[in-house]
Amino acid sequence: MSLFDIVYRLLRVWNGLLSLALCCAFCTVLLSFNSSQKQVFHDVAITTFLYPAQFVLTRVNRTLSVFSENRELKSENTRLRVQNDVLQQSLKLAPRLEEM
């Protein structure tokens, strides 16, 4: 029987006890941290667990801001076209007014 078989059988038969032992060891390590180490662990855990949601929300926010910017640019483009048309009409009207 190889070492791999022994470890596999141990994990398969004693998985509940092994999980409990690992949880207890993890809690013991967390309790032994000082306040700065706890803060670092907290920051890393939060960013690790919330990264997918943060990624999706950032993408959605960018998309919404692009649509908003697009709307603003379309309205500015319309305003500038109207202003350009008014200026062109006034340039065409200027020689007629001089003739009078």
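Numbering starts at 1 and runs along the sequence shown.
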Please give the remaining members of the hydrophobic cluster of Ile46, linking ILVMFWY side chains under 4.5 Å, ordered by chain and number.
Leu50
May I ask you to list the residues sharing a hydrophobic cluster with Phe41, side-chain cutoff 4.5 Å, ordered by chain and number?
Phe26, Val29, Leu30, Phe33
Does any pair with a residue in [range] pass side-chain hydrogen bond (donor to acceptor under 3.5 Å, both in side chains), and if so which ones, sequence neighbours excluded?
{"range": "residues 3-25", "answer": "Ser2-Asp5"}
{"range": "residues 37-46", "answer": "Gln39-Asp43"}
{"range": "residues 24-35", "answer": "Asn34-Ser36"}

side-chain contact (heavy atoms from CB on, under 4.5 Å) partners of Val7, counting only residues at least two apart
Leu3, Leu11
Spell out, yes or no, whether Leu10 and Val13 are grouped together once hydrophobic residues are joined by side-chain heavy atoms under 4.5 Å, including indirect joins.
yes
Transitively linked via ILVMFWY side-chain contacts under 4.5 Å: Val66 with Leu64?
no
Using the side chain to side chain contact (heavy atoms under 4.5 Å, CB included) rule, take Thr58 and Arg62 through it: C-alpha gap first, then chi angles, then the decisive distance, then the call.
CA-CA 6 Å; Thr58 302; Arg62 274 193 213 148; 3.8 Å; yes
Pairs flagged by ring-ring contact (aromatic ring centres under 6.0 Å, His included) wherever residues 45-87 is involved - sequence neighbours left out
none
If you look only at distance, which donor and acceptor atoms sit under 3.5 Å apart when one is on a side chain in residues 72-87 and the other is two or more places apart or in another chain?
{"residue": "Ser75", "atom": "OG", "partner": "Glu72", "partner atom": "O", "Å": "2.8"}
{"residue": "Thr78", "atom": "OG1", "partner": "Lys74", "partner atom": "O", "Å": "2.9"}

